[in-house]
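Notes follow once the structure below has been shown.
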Amino acid sequence: MIDSGRATVTETARSVEVRVNGTVVRHEVPLRLLLVDFLRDILGLTGTHVGCSVEGRCGACTVLLNGESVKSCLMLAVQADGQDVVTIEGLGRPDALHPIQEAFWREHGLQCGFCTPGMIISAYQLLKRNPCPSEMEIRAGLSGNLCRCTGYVHIVHAVERASEALQAMTPEERQRWLAL
Amino acid sequence: MSVTKVGQARWVGRAIPRREDPKLLTGKGNYIGDMSLPGMAYVHIVRSTEAHARIRQIDVDKALRLPGTVAVILGPEMAERMEPLLVPSIIPNLGGELQVPHIYPLAIDEVHYVGEPVAAVVAESKYEAEDAAEQIEITYEPLPRVLDPEEALAPEAPKVYRDWKNNVLWHGVIGGGDRDAAFSRADYVFRERFYGHRTGTLPMETRGVVASYDPFSGLTVYGNTQRPHILRMGLAEILRLPHDKVRAIAPREVGGAFGTKAPLYREEVLVSYLAMRLGRPVKWIETRLESLMVTGQERDQIHELEVAVRADGRILGIRDRMVADVGAGDIGVYLGFVMAWCGGAYLTNAYDIPYAEIDLTCVATHKPSLTPSRAFGEFPARFAMDYAMHLIARDLGLDPRQVYERNLICNFPFVSPTGITHDSGDYGGAFRRLIEAIDYDAIKEEQKRARAEGRYIGVGFSVGAEVSGFSSQLFVPLENQPGYGAATVKIDAHGMVHVCEGDSPQGQGHETTLSQVVADELGVEPSDVYLSYGDSLTTPFASGTLGNRGASYTFSAAVLACRRLRPKIYRIAAHLMGMDEAAEEEFSLENRHVVWRRDPNRRIPLKEVASAAILGPTRLPPGVEPGLEASAYFEPTIAGMWSIGVHGVVVEVERETGAYRILRYVVVDDSGCPINPLVVRGQIHGGVVMGIGNTRYEAFRFDAEGRPLATTLMEYTMPSAADVPEIEVIEHNVPTPYTPLGSKGKGEGVPGPVPAAIASAITDAVGNPRFRLCQLPLTPEAVWRAWQKAEAESTRLAGA
Amino acid sequence: MYPRPIAEYKAPVRLPECLELLAEHRPETRVLAGGQSLVPLLKRRAVSAQTIVDINRVQELSTLAEGVTEDGQRVLRLGALTRHRTLAEHPLLGTRYPALAEAAASIGDVQVRNRGTIGGSLVQADPGADLPVVLAALGATVRLRSLRGERVLDLEALILDAGKTACDADELVIEVDVPSPRRGEGAAYLKHCDVFHIGVVNLAAFVRLDGEQIEDVRIVVGGVSGRPLRVAAAEQLLLGRQADAHAIAEASDRIGEAFLLPEDIRGSAPYRRALLRAGGARVLTRALARAKGGEQG
């Protein structure tokens with residue numbers, strides 16, 4: 001219960017069922033719980049990061065909701081009820097990297113790695129909609145994600161490389177990588 | 001089987017992808033925010049909303065009544081249970097006149113800036129901690145405040161700390177040389193006031209601490225610090241704990257630091273204290289709001305610079321009256337002023353200037369303390385000096401290239417009048433390479449054509465000497481810490497190599513680069529090398545990852561440790577191969593084998609040598625001790641090592657709005673011997689973009705009450721990919737003779753030259769002889785204003 | 001920074017259910033659409049929500065089609081849940097309503113445009129927001145519905161001040177109607193920002209030409225006041241004038257001088273004036289080019 005000069009409000013919880021990285025999970029969550037905290041604190045998917053407070057500017061918490069990139073710190077967990085969420089953990093595994101992850105690796109598109117999961121999800125969103133982006137389009141497409149280490153140069157190169165790698169694939173193969 | 005040639009470097013110099021990345025790319029990193037301990041509670045810090053006030057009352061009853069609240073802790077109890085925060089081991093030794101704030105983790109009776117910690121709420125969840133914090137009512141009695149450093153120097157100014165004699169935290173004069181020889185022989189004395197505003201680095205991961213305590217193992221503090229050993233030492237002293245009862249651990253992954261995680265902060269002591277006081281683990285993760293209030297604010301220097309010049313552009317001497325607004329100065333190791341000291345000491349940059357006299361006053365104000373940030377203290381200094389050189393060229397009717405060429409240091413080692421030693425390099429060569437790479441003459445031609453069409457294009461450049469680690473000679477006075485690099489190298493029973501370094505990286509890629517170095521030294525693969533870092537219990541003492549210490553100091557220590565191990569490896573190998581009579585020099589380490597150079601077919605796996613040394617000591621030669629490990633501490637035989645970066649930029653400026661676009665940004669850079677060129681490039685790209693952010697987009701501003709105007713990343717606007725250009729990097733490497741590999745540290749100083757490069761390019765584009773940009777940030781509005789002003793002056797002069 | 005406790009969360013799938021919930025007048029009831037403005041406010045604890053009415057599942061609020069209103073006007077009907085991304089990328093907008101697409105494309109970033117909605121943007125009434133400015137210039141109207149009935153307001157009547165609208169507690173913005181372009185009409189949108197998509201000032205212009213003569217014009221400026229403002233002085237000057245560079249220059253001077261401008265961290269008053277002057281010229285030039293070139297919008 002909390003009284004902040006308002007009527008006393010009791011914390012209420014509700015059961016949600018969310019498909020996360022292909023697996024349906026069911027949990028009781030407080031109504032006010034942010035989606036990012038649901039993913040990190042309840043499901044233990046700590047690859048999704050938090051780098052800002054109220055504003056949702058940094059983009060480190062970016063995930064896919066029904067295939068579209070969203071900031072999970074700007075959503076309540078209850079909003080994801082019945083929806084499909086993909087986090088960085090659902091993209092590729094350390095021993096089977098997604099072509100975008102592979103390209104970030106080869107081009108040194110990360111340093112401290114804190115912004116990386118969100119950045120990769122945004123790169124995914126970009127390439128899904130625009131398979132052959134120009135440098136300017138890449139920069140615009142990633143403008144919702146801040147990085148403080150790389151100066152973005154190698155990130156842009158990584159997205160270019162990933163685009164080339166995806167283009168070199170058969171349509172079926174490409175579709176498989178971009179079907180999330 | 002092909003055998004690598006003896007002495008051929010196999011890994012150093014190769015741009016291999018980093019070993020740490022698959023983990024980070026898949027979200028499997030372990031950052032401080034990902035940590036939790038059984039029974040852990042959450043801390044929310046209630047901070048001052050006043051810049052200067054007496055705390056009249058703190059009402060915590062409503063907060064304590066909430067069911068999730070564990071405790072609310074206030075300042076007064078701390079005075080009895082710990083030492084004041086700024087204990088001697090974390091106070092600099094720079095001489096001069098120093099006044100130290102007498103503070104505890106939470107404010108007692110009085111607050112000195114907005115954001116100062118006042119109360120700590122501990123609750124069962126982070127949501128509930130905030131619920132409780134919202135219920136705490138604090139009554140302040142506002143006191144007179146002073147926010148401007150020059151006003152703070154007035155005798156009648158309100159004092160930041162009641163027990164101080166004035167607001168001067170530190171004052172001293174840096175410099176030397178013959179003053180009269182400089183200024184009396186000058187053909188021209190340039191005078192200008194430069195201001196480098198309050199801005200900084202702000203990593204994407206905010207600060208965080210998880211602490212636990214039990215009387216047997218003591219205090220264990222996980223924190224994303226750059227210097228776990230210093231944290232441990234400071235906590236033991238402040239909390240009056242024996243050294244064996246404090247362990248500081250920086251998580252394997254730290255989400256960037258850039259200096260901001262190097263101090264010993266009040267919050268680290270506070271969270272540790274709470275764990276002890278409550279007897280349960282506690283966690284605090286700084287919110288971005290808190291970070292914008294108190295962390296990562298740097299620069300903030302006024303330079304009243306005078307430069308004595310000969311008509312040909314040769315600089316004979318400089319005088320500078322420097323005033324730094326250090327805020328409350330309440331952070332350990334730096335007290336907010338060490339950065340400004342460096343700004344003074346490094347002011348002569350890469351130039352052979354015979355005389356310098358820098359009168360530095362570090363003034364406390366009712367603002368948060370400055371905290372270290374990449375381009376440590378030198379960001380405003382580089383701006384002042386290098387932009388001044390462009391203005392001097394204009395005043396003297398010289399080509400700015402001439403002024404630079406006439407003054408760059410060319411004889412090494414060089415000791416500046418401020419006492420800074422430059423070991424080696426090719427500063428002039430790097431400069432000429434930049435001019436060539438940016439196609440200076442062609443751009444000047446293009447500029448003429450563009451101007452005819454009403455477009456304004458300009459080219460600018462600047463230079464940044466970059467410290468390559470601090471030697472103890474400088475570091476002991478500067479931060480009261482040793483400069484040496486420390487490493488222990490242990491070959492394990494499987495022939496793999498365990499390296500324990502004293503530093504604690506935050507994204508620099510040591511797992512890759514240090515492995516490359518060690519792999520070459522011991523003839524193994526990088527994948528055979530594994531690292532310990534960040535844990536004060538298991539790594540050798542060192543000062544942390546900061547100031548470009550990695551490739552210069554710490555890796556050199558690892559090299560020395562490997563080289564110390566080799567004779568023993570050879571001796572055991574010789575014995576195992578039945579060649580006891582062979583001399584050490586006859587062997588080498590290659591492809592995971594010890595090889596007899598005279599006949600490379602005679603070889604033995606390193607694993608077998610290790611196995612004998614560790615698991616089968618009966619097979620060792622007589623008199624040889626078991627085990628294969630060595631420690632080394634690296635300190636160069638010279639007082640300072642530096643490297644150079646030369647920046648060139650082409651801009652186009654829009655007359656109606658002052659908006660400008662960077663068309664090209666080129667860096668010519670010396671890293672001595674790049675261990676991994678990909679990693680070096682990444683450092684330079686990131687440094688330049690951070691510099692662009694600090695120069696143009698980012699500023700910590702305050703209202704008249706001292707409250708921050710940037711409370712979210714929508715006001716503290718760090719550039720996104722769409723706001724910055726591609727950065728071109730050209731290597732111009734000159735190995736230093738003072739490290740075993742010739743390697744130099746790289747990355748820390750990269751933002752330094754950015755503001756002068758951009759300012760000089762804009763000035764060149766505008767082309768008005770009265771146009772100047774002497775105050776950062778260089779926002780489009782600042783450019784627009786300066787242009788309006790220059791045109792008004794031109795019109796007035798033409799009229800007169 | 002986390003929201004205060006929330007007592008109830010309702011996610012109806014039909015519009016009448018939404019209106020019934022709003023008609024109950026529970027305290028601290030917040031309508032949640034894209035959430036890109038509301039959630040930050042909840043996290044900052046600047047607002048509280050006892051009840052959240054999440055309208056994202058209401059299909060009928062996602063329409064996007066050209067149609068005819070009750071009074072026979074051809075319009076583009078945009079359901080309140082139309083996302084910024086749709087506005088920015090929908091081919092129909094790109095060809096027929098480019099100014100609206102331009103404004104939507106300059107909102108926030110990809111993630112924000114994926115979630116943010118036109119209805120949310122209008123109801124939040126952020127003084128720097130993109131859509132209110134362009135919609136005011138286009139002469140769009142907003143449909144509000146409650147159990148009491150429906151009303152249609154133009155932008156000026158809807159947005160009263162920063163964060164304040166004429167939308168009553170039991171009302172929901174259900175649709176925005178943008179007049180379809182006719183021959184001789186053109187519009188453009190421009191936001192001046194130094195970093196990211198954070199605007200210092202933003203402007204939109206709509207013109208209708210009769211031959212070379214300006215027959216109708218609307219110029220709207222944002223970021224200078226609590227709400228989008230029409231620049232009557234500049235409009236007056238242009239009405240009936242030849243659409244030439246001279247007229248544009250005079251009009252942009254008037255745009256710059258029309259208001260008492262605010263000072264904040266994004267820019268001083270004189271600088272905003274310079275931006276309005278430069279931006280006014282650009283946005284008018286583009287709108288006129290569209291009107292002349294057969295390029296519609």
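Because the structure is predicted, anything quoted here is derived from the model rather than measured. Letters A, B, ... mirror the listed sequences (proteins, then strands); counts begin at 1.
Counting only heavy atoms from C-beta outward, the side chains of Leu34(A) and Tyr127(B) approach each other to under 4.5 Å.
Aromatic ring centroids of His49(A) and Tyr31(B) lie under 6.0 Å apart.
Of all the listed residues (Pro30(A), Cys149(A), Gly59(A)), the one sharing the greatest number of non-hydrogen pairs under 4.5 Å with chain B is Cys149(A). Counting heavy-atom pairs closer than 4.5 Å to chain B, the top-ranked of the candidates Gly113(A), Ser53(A), Gly141(A) is Ser53(A). Most heavy-atom pairs under 4.5 Å with chain A, from the set Thr206(B), Val254(B), Leu678(B): that is Leu678(B).
Ion pairing of Lys126(B) with Asp41(A) is present here, as a side-chain N (NZ or NE/NH1/NH2) and a carboxylate O approach within less than 4.0 Å. Here Arg32(A) does not pair with Glu128(B) in a salt bridge; the nearest charged N to carboxylate O distance is not below 4.0 Å. Salt-bridge annotation for Glu205(B) and Arg288(B): absent, with no side-chain N of the basic residue lying under 4.0 Å from a carboxylate O of the acidic one.
With a threshold of 4.5 angstrom between heavy atoms, Glu135(A) approaches chain B through side-chain atoms but not through N, CA, C or O. Heavy-atom distances place no part of Ile138(A) under 4.5 Å from chain B, backbone and side chain included. For Asp95(A), no part lies near chain B; criterion is any non-hydrogen pair under 4.5 Å. Proximity to chain B (any heavy atom under 4.5 Å) is shown, for Leu91(A), by neither the backbone nor the side chain. Interface remark: Phe114(A) contributes backbone and side-chain atoms alike to the contact with chain B (heavy atom separation under 4.5 Å). For Leu146(A), the parts sitting under 4.5 Å from any heavy atom of chain B are the backbone and the side chain alike. In this structure, no portion of His98(A) lies under 4.5 Å from any heavy atom of chain B. Arg40(A) touches chain B through its side chain: at least one heavy atom from C-beta onward sits under 4.5 Å away, while N, CA, C and O do not. Only the side chain of Thr116(A) has a heavy atom closer than 4.5 Å to any heavy atom of chain B.
Side-chain polar atoms of Gln125(A) and Ser122(A) form no donor-acceptor pair below 3.5 angstrom. A donor-acceptor contact under 3.5 angstrom links the side chains of Glu726(B) and His157(A), judged on distance only.
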